[in-house]
J.: 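Got a structure for you, questions after.
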Amino acid sequence: MSTKTERIIGAEAVVRSLLAEGVEIAYGYPGGAIMPIYDELYKYQDKLHHVLTRHEQGATHAAQGFARTSGKVGVALATSGPGATNLITGIADAQIDSTPMVCITGQVASHLLGTDAFQETDVISISSPITKWNVQVTKAEDIPGAIAKAFYIAKSGRPGPVLIDITKDAQLSELDYSYEKCTNVRSYQPVPTTDIEKVKEAATLINAAKKPMIVFGQGVILGGAEQEFKAFIEKSGIPSAWTVLGLSALATNHPLNVGMVGMHGHYGPNKLTNECDVLIAVGMRFDDRVTGDLSKYAKQAKVVHFDIDPAEIDKNVKTDVAVLGDSKDTLGKILEFIEEKDHSAWLQQFRDFDKIEFEKVINGQLNPTKEGLTMGEVLQGINKATNDDAVIVSDVGQHQMMAVRYANFTHTRSNVTSGGLGTMGFALPASIGAKMGAPDRHVVAIIGDGGYQMTCQELGTILQTGTAVKIVVLNNEFLGMVRQWQQLFFDRRYASTEMTNPDFVKLAEAYSIPAKKVSARGDLQGAIDEMIACKTSYFLEVMVEKEDNVFPMVPTGASVSDVRLE
């Protein structure tokens, strides 16, 4: 906190305010309307490292990846007009996945606002539905307060993205600068007060349950509640399943971890959702990909919902007991009231379904008899090479579902993916930020040949920064997930899903990245080991089965009980 004032320009106030918030890395792309801020960044480059991405969308995804592995607020910068609009996909992605991010955009001078000036776009109106808060600053003296408020809102309560749009004249005008961190905002209560009576009600339901089941989401990770959650399930003995974003909050090999729920989730937790008598949701939002047909979702069960966001209660699934509050606090509190239980007979039902799934699906992925490589065996090879300790950054598509199904995790904040928005092109730039947020860990990007080509220009960012990310493109020469649906539901009419791809190895080598292509099973593990052992970035292309499908699968509009194994 700085109370002493100094006379500086608004652009310097931006940089100094970022430093006051502890920002060490920012991602962005310069342009005319934000040039004064970049000029100040140049002067402070020994304190605040700016990463020049090759596209503004790449800056937002890199900031997301950084936030997801580090637990800090990601920062992205862009100029006005197309620079600002290029941030929109990443902002929307961060909003639906509750990722803390502060985006700063330059804007035309205040006297030009509303005149359709060169590169003027009303980014405030555009971003309002997809930000937790946004503001346009037209006066230099308002900059420190806006940035302080932005960081507080972005990281408090249920995190999310914030956008600050700063006119060029505000950047160039002088102010008496001082900085005070924001600790509260009138009428904004980021963390609801936990009602201890609700905690006791929840415990009563849980203690009486014969077939309880937990579904946990990213709220456990965002609340830093991994240890409290583990203590909760171990004392209660309750089988626990995860959403895509909840993955890695609990080690995948934990004896009470029963797998993933949802469209491509595991057979047991999907089937038994409609047999449990108490369903306990922890830090998840009952997304449609988790629930399937809501009219047939867990109708037999009492529902207990732990969440920090009151808006999620009863939004999709009717709750019997809602426990509002920060997950670390609420899970810590309920430990006192729950009884030690042994639900081994109920847990065995999940394991019986596991055996069926293994025989019908998993064995074919991990021990294939066909000649072509499978995505599952690639993930198994990465698990082996990294001792289940890599950060896996997945794009969107079949490979994403294979990654979350077959990657093993022993540490939290190890699964980085685009969950709610499903953004193709996410993984490559996000892996750059993820590596910078967790520099001592292996970071492996799992990408399909389609999504890879949406943001492959970010290889230039890797070249310039020397970021040691490992890139694995699982190439089936199709937009695989769309093709799977066309096969199953559109009589194999593969409309605009077959890909004619470039030489990916040559492309990587053009950016001075070591690269290899594998199509034979005998070469796979050696190539993966070589990639992981490499001290620099590495690109590995694996040619996989063209028409392999992701199963289990809950068809759109079906009940989770109708999960298909083939």
J.: How many angstroms lie between CD1 in Ile471 and CD1 in Ile447, if you round to the nearest 0.5 Å?
T.: 6.5 Å
J.: Test side chain to side chain contact (heavy atoms under 4.5 Å, CB included) on Thr194 and Lys333; report intermediate values, then the result.
T.: CA-CA 9 Å; Thr194 300; Lys333 281 188 169 73; 4.2 Å; yes
J.: Between Gln300 and Asp277, is any side-chain donor less than 3.5 angstrom from a side-chain acceptor?
T.: no
J.: Can you see which heavy atom on Arg351 is nearest to which on Asn257, and at what distance?
T.: NH2-O, 3.1 Å
J.: Closer than 4.0 angstrom, basic N to acidic O: yes or no for Arg158 and Glu312?
T.: yes
J.: Identify the two heavy atoms, one from Pro190 and one from Tyr152, that lie closest to each other, and give their separation to 0.1 Å.
T.: CG-OH, 3.6 Å
J.: So how far is it from Lys132 NZ to Ser156 OG, rounded to the nearest 0.5 Å?
T.: 4.0 Å
J.: Please report the interatomic distance OG(Ser240) to CD(Glu234), rounded to the nearest 0.5 Å.
T.: 9.5 Å
J.: Can you tell which of Leu245, Leu247, Val244, Thr243 makes a side-chain contact (heavy atoms from CB on, under 4.5 Å) with Gln218?
T.: Leu245
J.: Using only heavy-atom distances, determine whether the side chains of Asn274 and Ser561 contain a donor-acceptor pair under 3.5 Å.
T.: yes
J.: I'd like to know whether Asn476 forms a side chain to side chain contact (heavy atoms under 4.5 Å, CB included) with Glu545, so could you lay out the CA-CA distance, the side-chain angles of the two residues, the decisive distance to 0.1 Å, and finally the verdict.
T.: CA-CA 6 Å; Asn476 56 14; Glu545 283 277 341; over 6 Å; no
J.: Which atoms form the tightest heavy-atom contact between Tyr27 and Ala62, and what is the distance?
T.: CD2-CB, 3.6 Å
J.: Can you classify the ring geometry of Phe216 versus Phe229 as parallel (below 30°), tilted (30 to 60°) or perpendicular (above 60°)?
T.: tilted
J.: Is there a side chain to side chain contact (heavy atoms under 4.5 Å, CB included) between Leu540 and Val473 once you walk through the steps?
T.: CA-CA 6 Å; Leu540 178 62; Val473 167; over 6 Å; no
J.: Could you report the tightest heavy-atom contact between Leu366 and Gly376, atom names first, then the distance?
T.: CD2-O, 3.5 Å
J.: Can you see which heavy atom on Ala430 is nearest to which on Val393, and at what distance?
T.: CB-CG1, 3.9 Å
J.: Hey, does the side chain of Thr69 reach the backbone of Gly65 with a donor-acceptor pair shorter than 3.5 angstrom?
T.: yes
J.: Heavy-atom count around Lys302 NZ within 6.0 Å, excluding the residue itself: above 12?
T.: no
J.: Give me the atom names and distance for the closest heavy-atom approach of Arg68 to Arg413.
T.: O-NH1, 2.8 Å
J.: Under a 4.0 Å N-O cut-off, is there an ion pair linking Lys328 with Glu226?
T.: no
J.: Salt bridge check, Lys355 against Glu359: does any charged N sit closer than 4.0 Å to a carboxylate O?
T.: no
J.: Could you check whether atom NZ of Lys315 has more than 12 heavy atoms from other residues, nucleotides or ligands sitting under 6.0 Å from it?
T.: yes
J.: Taking atom types as modelled and ignoring hydrogens, do the side chains of Ser295 and Asp293 form a donor-acceptor contact shorter than 3.5 angstrom?
T.: yes
J.: I want to know whether Phe286 and His305 have ring centres closer than 6.0 Å.
T.: yes
J.: Counting only heavy atoms not in His411 (residues, nucleotides, ligands), do more than 12 fall under 6.0 Å from its NE2?
T.: no
J.: Between Arg285 and Asp287, is there a salt bridge with N-O shorter than 4.0 Å?
T.: yes
J.: Do Gln400 and Thr417 have a side chain donor and acceptor closer than 3.5 Å?
T.: yes
J.: Yes or no on side chain to side chain contact (heavy atoms under 4.5 Å, CB included) for Ile88 and Ser127, after CA distance, side-chain angles and deciding distance?
T.: CA-CA 7 Å; Ile88 293 301; Ser127 65; 4.2 Å; yes
J.: Will you find, in the side chains of Asp93 and Thr423, an N or O donor that is under 3.5 Å from an N or O acceptor?
T.: yes
J.: When you check the gap from the basic side-chain N to the acidic O, do Asp389 and Arg441 get nearer than 4.0 Å?
T.: yes
J.: Between Glu357 and Arg405, is there a salt bridge with N-O shorter than 4.0 Å?
T.: yes
J.: At what distance, to the nearest 0.5 angstrom, does CE of Met553 lie from CD of Gln484?
T.: 5.5 Å
J.: CD/Gln57 to CE/Met454 distance, rounded to the nearest 0.5 angstrom?
T.: 9.0 Å
J.: Checking Thr455 side chain against Leu428 main chain: does a donor-acceptor pair fall under 3.5 Å?
T.: no
J.: Considering only NZ, NE, NH1 and NH2 on the basic side and carboxylate oxygens on the acidic side, decide whether Lys296 and Asp562 come within less than 4.0 Å.
T.: no
J.: Measuring from Gln380:CD to Gln525:CD, what's the distance to the nearest 0.5 Å?
T.: 8.5 Å
J.: Looking only at the side chains, is there a donor atom on one of Gln365 and Asp548 sitting less than 3.5 Å from an acceptor on the other?
T.: yes
